[in-house]
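Working notes, structure below.
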Amino acid sequence: ALELTYYYKGFSFSFQPGFQTSLFTYTNSFIWLGDAEGEQVQIQYENENQVSHFILPLLIKYEFTGNRLRPYVQAGFFQAILADATKSLTMKGMDNASGGVNEFESAPTTVGAKDLFAKYYWGLIGGAGVYYNLGNVRLNLDFQYRMGMSNISNVENRYSNDRLTGTGDAMDDLTMDNLSLSAGILFPMRFLQSGFKSLDRK
């Protein structure tokens with residue numbers, strides 16, 4: 001990620017464009033029951049989804065007074081732009097209907113799934129963190145909670161992939177929430193000025 005920040009009297013207006021890849025899984029299960037006792041076939045589909053977005057967050061921070069150590073709170077919103085997506089499907093199960101007990105499992109099938117996700121989604125951000133001024137750099141520990149506010153699934157293309165719908169799989173309406181904890185070193189451009197003294201200097 002890249003951080004661009006304008007600071008004024010304890011308040012910071014920060015734009016932090018970045019790239020994010022998320023992974024989530026779910027399962028679908030089906031059972032066929034025959035006429036004879038114990039006659040059944042169980043099938044389970046494991047779906048692994050990987051989706052990547054360009055994230056464009058805009059944040060307002062407030063830094064509490066301090067010298068070297070400056071805690072802050074932050075709030076804002078973000079816009080996400082879809083970059084790529086794949087879906088991997090694995091089938092496994094147990095067959096008790098063919099004269100014995102047979103377990104089976106297929107090799108994973110991976111398909112491009114970009115059409116199954118919305119091109120854009122947006123959400124809200126809340127969090128806190130702390131800066132530590134060390135010479136002409138700032139050490140940063142940052143916590144954020146991002147709450148998705150719009151559907152990440154493409155409703156129009158929900159049933160467009162025949163390989164997936166043939167297994168009974170279709171994307172539900174989904175929102176994406178996540179927690180992030182990051183640590184970094186910031187090099188403020190103003191610290192490069194020969195006449196500037198950082199906050200930890202008298």
Side-chain angles (χ1 to χ4, degrees), residues 1-27 46-88 108 110 112-155 171-191 198-200:
L2 175 69
E3 180 173 339
L4 304 174
T5 300
Y6 175 76
Y7 177 84
Y8 181 74
K9 292 184 178 180
F11 288 94
S12 297
F13 302 88
S14 182
F15 178 55
Q16 302 176 1
F19 185 79
Q20 173 181 294
T21 297
S22 303
L23 182 70
F24 65 93
T25 63
Y26 61 87
T27 60
E46 296 184 354
N47 298 267
E48 183 178 279
N49 302 267
Q50 183 171 298
V51 56
S52 300
H53 291 92
F54 295 103
I55 306 293
L56 306 176
L58 186 61
L59 295 165
I60 299 177
K61 300 181 180 181
Y62 178 73
E63 295 183 21
F64 296 97
T65 57
N67 190 13
R68 290 194 177 189
L69 193 66
R70 298 178 67 91
Y72 62 84
V73 292
Q74 58 185 339
F77 68 94
F78 68 91
Q79 176 73 55
I81 304 172
L82 180 65
D84 195 16
T86 58
K87 179 186 283 285
S88 181
T110 302
K114 191 173 179 179
D115 290 343
L116 301 180
F117 291 89
K119 292 182 179 180
Y120 308 97
Y121 82 94
W122 70 279
L124 302 176
I125 303 174
V130 63
Y131 289 119
Y132 182 77
N133 294 299
L134 183 65
N136 278 0
V137 299
R138 303 187 89 180
L139 306 182
N140 177 227
L141 183 65
D142 185 273
F143 170 80
Q144 291 184 9
Y145 176 69
R146 296 180 182 178
M147 181 172 63
M149 298 298 293
S150 62
N151 189 7
I152 67 170
S153 299
N154 188 324
V155 177
M171 291 285 290
D172 291 329
D173 291 345
L174 300 171
T175 57
M176 186 177 294
D177 303 340
N178 61 72
L179 297 170
S180 69
L181 180 65
S182 60
I185 302 175
L186 305 179
F187 299 87
M189 297 298 292
R190 61 178 183 162
F191 283 13
S198 59
L199 296 176
D200 63 327

Quick check for you: to the nearest 0.5 Å, what is the distance between [X] atom [atom1] and [Y] atom [atom2]?
X: Glu48; Y: Thr27; atom1: CD; atom2: OG1; value: 13.0 Å
X: Asp177; Y: Met147; atom1: CG; atom2: CE; value: 7.0 Å
X: Ile185; Y: Leu139; atom1: CD1; atom2: CG; value: 6.0 Å
X: Ser150; Y: Gln79; atom1: OG; atom2: CD; value: 7.5 Å
X: Arg146; Y: Met176; atom1: CZ; atom2: CE; value: 11.5 Å
X: Asp84; Y: Thr86; atom1: CG; atom2: OG1; value: 6.5 Å

Side chains of [X] and [Y]: donor-acceptor distance under 3.5 Å anywhere?
X: Tyr131; Y: Lys61; value: yes
X: Gln144; Y: Asn178; value: no
X: Ser52; Y: Thr21; value: yes
X: Asp142; Y: Tyr72; value: yes

N-O pairing of Arg138 and Glu63 below 4.0 Å:
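The answer is yes: the pair qualifies as a salt bridge.
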Which atom names give the shortest non-hydrogen contact between Pro108 and Ser88, and what distance separates them?
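Between these two residues, the closest heavy atoms are CB-OG, 3.7 Å.
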State, to 0.1 Å, how close Pro57 and Phe78 come at their nearest heavy-atom pair, and which atoms those are.
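Shortest heavy-atom contact: CA-CB, 3.8 Å.
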State, yes or no, whether a side-chain contact exists between [X] and [Y] at a heavy-atom distance under 4.5 Å.
X: Phe143; Y: Leu179; answer: yes
X: Leu141; Y: Tyr132; answer: no
X: Leu2; Y: Gln16; answer: no
X: Leu56; Y: Phe15; answer: yes
X: Lys114; Y: Leu82; answer: yes
X: Lys87; Y: Thr110; answer: no

Check for a donor-acceptor pair, side chain of Asn151 on one end and backbone N or O of Ser153 on the other, with a separation under 3.5 Å.
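Confirmed, Asn151 side chain pairs with Ser153 backbone.
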Are more than 12 heavy atoms, taken from residues, nucleotides or ligands other than [X], located less than 6.0 Å from that residue's [atom1] atom?
X: Tyr8; atom1: OH; result: no
X: Tyr62; atom1: OH; result: yes
X: Ile81; atom1: CD1; result: yes

Can you give the donor-acceptor pairs under 3.5 Å from side chains of residues 115-130 to other protein atoms, not counting sequence neighbours?
none

For Thr175 and Met149, what are the C-alpha separation, side-chain angles and deciding distance, and is it a side chain to side chain contact (heavy atoms under 4.5 Å, CB included)?
CA-CA 7 Å; Thr175 57; Met149 298 298 293; over 6 Å; no
Taking side-chain contact (heavy atoms from CB on, under 4.5 Å) as the criterion, tell me which of Asn49, Leu174, Asp172 meets it with Tyr26.
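Of all the options given, the one that passes is Asn49.
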Examine Phe13 together with Phe11 and report whether their ring centres are nearer than 6.0 Å.
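Judged by ring-centre distance (under 6.0 Å), Phe13 and Phe11 do not meet the cut-off.
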